[in-house]
2 protein chains.
Amino acid sequence: MTTEKRGPDEAVRDDLQLERFLPYRLSVLSNRVSNAIAQAYGSRFDLTIPAWRVMAILGRFPDLSAAELVEQTAMDKVAISRAVSVLQRNDYITRSEDPADRRRQVLNLSPLGREVYERIVPLAQQYENDLMSSLTPEERAQLDSIIEKLMDRAQDWAERGLID
Amino acid sequence: MTTEKRGPDEAVRDDLQLERFLPYRLSVLSNRVSNAIAQAYGSRFDLTIPAWRVMAILGRFPDLSAAELVEQTAMDKVAISRAVSVLQRNDYITRSEDPADRRRQVLNLSPLGREVYERIVPLAQQYENDLMSSLTPEERAQLDSIIEKLMDRAQDWAERGLID
DNA sequence: CAATATTGGTTACATTTGTAACCGCTATGA
DNA sequence: TCATAGCGGTTACAAATGTAACCAATATTG
């Protein structure tokens, strides 16, 4: 007998099984994955995760401003600003003032930055492939749509206010 | 035409689509979910995520030591130590020295702590239910086993060393 | 039964991250 | 056209987190 008997009036208060709790599991999984990968390229190229994200976006979309990076990355503008400033210090990106709007700075990978980018991309893909290879093709498709749904729901919380 | 033609000798370097990159998606999803929930009970009970995790475990498993909490939570011992010390300051948990081993401290929810615990558990479950309700029953089962697999793979990275 | 290693837990310090205030520029509208 | 609001981006400060060194107690072993 694994469950306890409870009288009808007794409050049914199930314990929380943390190890089964989705938010907790997501957090542990995400941290494990991110830390492993961050270590992989952090040790080779001295890049933090935010910095690498900025490079990943700039590699595909040149001539973005910091504000546009914010849209693309789900990072906040302070994080972007910091990442951009270290990337520039490392000569991985270039900044140029937009003559049409002197507040705006146009960002791009430098030649050195692009070299690094092109070396990291396959590395990142290798990690993703390795992760994905533990799933069947069906599971990969399922995961894709599941993440999408969960993301939308969590987004609702932020927009429409929290539950209760 | 969405793909570019490449000559046979040309290096095939696909860009990284960050928004399709699993580690990135996991991280965004996890942060959204955790932040929303942390805000929900943080604002009511002034609890951080680590502190709440400690309480969640102690609610189910009384008389644990900090080291045992480390095993259960995937948090590191400094984080546990800090969480424990604020929880004790708030009178949410009690510490008692283990007479058999004077280094060890036995931790438990205090009556106040248990009250809070019993109020948070349903709240947490409500959030989880809300998340899960965006999935079909099949998807929930799929997600469960997918997470398991990904977790194992990421665990391998940590244990066997990284790729490459 | 010393000497040494190991364990449980905390402290100290550096790094990262979040929040708010802020500066300069551009847009708006009376 | 000038006051003011809004935007792009940075700075300053506080809070959270990671890493390593550390202290005291117990285990080990020669």
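Since this is a predicted model, take the numbers as computed values, not measurements. A note on names: the letters A, B, ... follow the listed sequences, proteins ahead of strands, and every chain is numbered from 1.
Between the side chains of B:Asp15 and A:Tyr117, at least one donor N or O sits under 3.5 Å from an acceptor N or O. With no hydrogens or angles considered, a side-chain donor-acceptor pair links A:Ser27 and B:Arg53 at under 3.5 Å.
Looking at B:Gln105, its side chain never comes within 3.5 Å of a backbone N or O of B:Ala66 through a donor-acceptor pair. Panel note: side chain B:Asn35, backbone B:Asn31; a donor-acceptor pair is recorded below 3.5 Å. A:Arg102 places no side-chain N or O within donor-acceptor distance of the main-chain N or O of A:Glu97, the cut-off being under 3.5 Å.
Contact check of residues 94-110 of chain A against DNA chain C (heavy atom, cut-off under 4.0 Å) returns A:Asp101, A:Arg102, A:Arg103. For DNA chain D, the residues of residues 71-93 of chain A within the heavy-atom distance limit of 4.0 Å (strictly under) are A:Lys77, A:Val78, A:Ser81, A:Arg82, sorted by number. Listed by residue number, the members of residues 27-47 of chain B with any heavy atom below 4.0 angstrom from DNA chain C form an empty set.
The closest side-chain heavy-atom distance from B:Met55 to B:Leu87 is below 4.5 Å. In this structure, A:Tyr92 and A:Leu109 have side chains that are not in contact, with every pair of non-hydrogen atoms separated by 4.5 Å or more.
Under the 30°/60° scheme for interplanar angles, the aromatic rings of A:Tyr127 and B:Trp157 are found to stand perpendicular.
If one axis is set at each end of the helix from C:dC1-D:dG30 to C:dA30-D:dT1 from five pairs, those axes are 10° apart, to 10°.
Contact footprint of chain A on DNA chain D: nucleotides with an atom under 4.0 Å from a non-hydrogen protein atom, first to last in 5' to 3' order, D:dG6 to D:dA12.
Sorted by first and then second residue, the pairs that involve residues 54-66 of chain B and meet side-chain hydrogen bond (donor to acceptor under 3.5 Å, both in side chains), not counting sequence neighbours, are A:Glu19-B:Arg60, B:Asp63-B:Asn108, B:Ser65-B:Glu68.
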message: Set out, in order, the CA-CA distance, both residues' side-chain angles and the distance that settles side chain to side chain contact (heavy atoms under 4.5 Å, CB included) for A:Ser110 and A:Gln88, then state yes or no.
response: CA-CA 9 Å; A:Ser110 68; A:Gln88 192 191 23; over 6 Å; no

